[in-house]
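Let me begin by presenting the structure, written as structure tokens, before commenting on it.
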Amino acid sequence: MKTLQILRHAKTERINPGQQDFDRRLTERGLGQMADLLQNRKDYLQQAECVLVSSAERTRMTLEQLKDLVKPEAVQWYDELYLASLVKIAGVVALQDDAVDNLLLIGHNDGLSDFVSYLLGDYVSLPTSGYVVLEMEIDSWKHLSKGIGSLKTEFFSQYR
């Protein structure tokens, strides 16, 4: 059995003139969303054996909010997860070590929503800081396929 935790980055600032999308930072609302998530799903988050993270500033800041739960050596940065498609995300996950049974993936929409929808076989839209935990009856990350996942828990922050 494999467990995949998927977290969309928290709420970010609007892009400013001359600023790159890649460099957008979390807002106070985003930080509040993460505090809300930690209060409600800390028990799941601390089970991650490996964390796959887009290298964008907003995903870095999202991960920073989990610093007390995640071992630094468990973190793997992926430039290719920045605004990645379903296919790119699935490719990165499929390459993970099968000795790892619980992965946490932190990234962006629309790819994350598409990936979750693919694994569940039903449409899911992840809002900012949207978090789902999927279980899959597989023994290798290479065996990801449509509809293979079952939803174990979800959390969508109400922090405004």
Residue pairs passing the ring pair (Phe, Tyr, Trp, His ring centres under 6.0 Å) test with at least one member in residues 23-72, sequence neighbours excluded, are none
Sorted by chain and residue number, the side chain to side chain donor-acceptor pair (under 3.5 Å) partners of Q76 (sequence neighbours excluded) come out as Y78
V87 reachable from I148 in the ILVMFWY side-chain graph, under 4.5 Å edges: no
From the list R25, R14, R24, E13, side-chain hydrogen bond (donor to acceptor under 3.5 Å, both in side chains) with Q19 holds only for E13
Linking I/L/V/M/F/W/Y whenever any side-chain heavy atoms sit under 4.5 Å apart, do V51 and V93 land together? no
With sequence neighbours left out, the residues meeting side chain to side chain donor-acceptor pair (under 3.5 Å) with K2 are D101
Minimal heavy-atom distance between L120 and G149, with the atoms involved, is CD2-O, 3.5 Å
For residues 39-53, the salt bridge (charged side-chain N to carboxylate O under 4.0 Å, His left out) pairs (sequence neighbours left out) are none
Student check: side-chain heavy atoms of Y159 and K11 closer than 4.5 Å:
no
D79 meets the side chain to side chain donor-acceptor pair (under 3.5 Å) criterion, sequence neighbours left out, with S55
Residue pairs meeting side-chain hydrogen bond (donor to acceptor under 3.5 Å, both in side chains), one or both in residues 81-90, sequence neighbours left out, come to D21-Y82
task = Establish whether L151 and M136 are linked, either directly or via other cluster members, by ILVMFWY side-chain heavy-atom contacts under 4.5 Å.
result = yes
### Min side-chain heavy-atom separation L66-M34 under 4.5 Å
yes
Using a 4.5 Å side-chain heavy-atom cut-off and chaining through intermediate ILVMFWY residues, the residues clustered with L31 come out as L26, M61
SG of C50 to CD of Q96, rounded to nearest 0.5 Å, is 5.0 Å
Rounded to the nearest 0.5 Å, the NE2 atom of H9 sits from the CG atom of L63 at a distance of 14.0 Å
(request) Check whether any side-chain heavy atom of T59 sits under 4.5 Å from a side-chain heavy atom of L81, and report yes or no. (result) no
**Prompt:** Considering only heavy atoms from C-beta outward, does the side chain of F115 approach that of L134 to under 4.5 Å?
**Reply:** no
Walk me through whether K142 and D98 qualify under side chain to side chain contact (heavy atoms under 4.5 Å, CB included). CA-CA 9 Å; K142 293 171 188 60; D98 290 330; 4.1 Å; yes
Do other residues, nucleotides or ligands put more than 12 heavy atoms under 6.0 Å from E73 CD?
-> yes
Could you check if a side-chain atom of I89 sits within less than 4.5 angstrom of a side-chain atom of L52, using non-hydrogen atoms only?
-> no
So the salt bridge (charged side-chain N to carboxylate O under 4.0 Å, His left out) pairs with at least one residue in residues 132-141 (sequence neighbours excluded) are E135-K152
Notebook entry, point to check: Is L4 linked to F156 within one hydrophobic cluster, defined over Ile, Leu, Val, Met, Phe, Trp and Tyr using a side-chain heavy-atom separation of less than 4.5 Å?
Noted result: yes
For D36, the side chain to side chain donor-acceptor pair (under 3.5 Å) test, sequence neighbours excluded, returns N40, S157
Contacts of K67 meeting salt bridge (Lys or Arg N to Asp or Glu O under 4.0 Å) (sequence neighbours excluded), chain-then-number -> E64
Check: L103 and L105 side chains under 4.5 Å, non-hydrogen atoms: no
Min side-chain heavy-atom separation L95-W141 under 4.5 Å: no
Interatomic distance, CG@L83 vs CG@L112, rounded to 0.5 Å, equals 10.0 Å
Would you say I106 ends up clustered with L144 if hydrophobic residues are merged whenever their side chains have heavy atoms under 4.5 Å apart, either directly or through other cluster members?
no
Between A48 and L104, the two heavy atoms sitting closest are CB-CB, 3.7 Å
Show me, pair by pair, the donor-acceptor contacts under 3.5 angstrom made by side chains of residues 122-133, not counting sequence neighbours?
residue: T128; atom: OG1; partner: Q33; partner atom: NE2; Å: 3.1
residue: Y131; atom: OH; partner: Q5; partner atom: OE1; Å: 2.4

### Query
Quick one: does L38's side chain get under 4.5 Å of D68's, heavy atoms only?
no
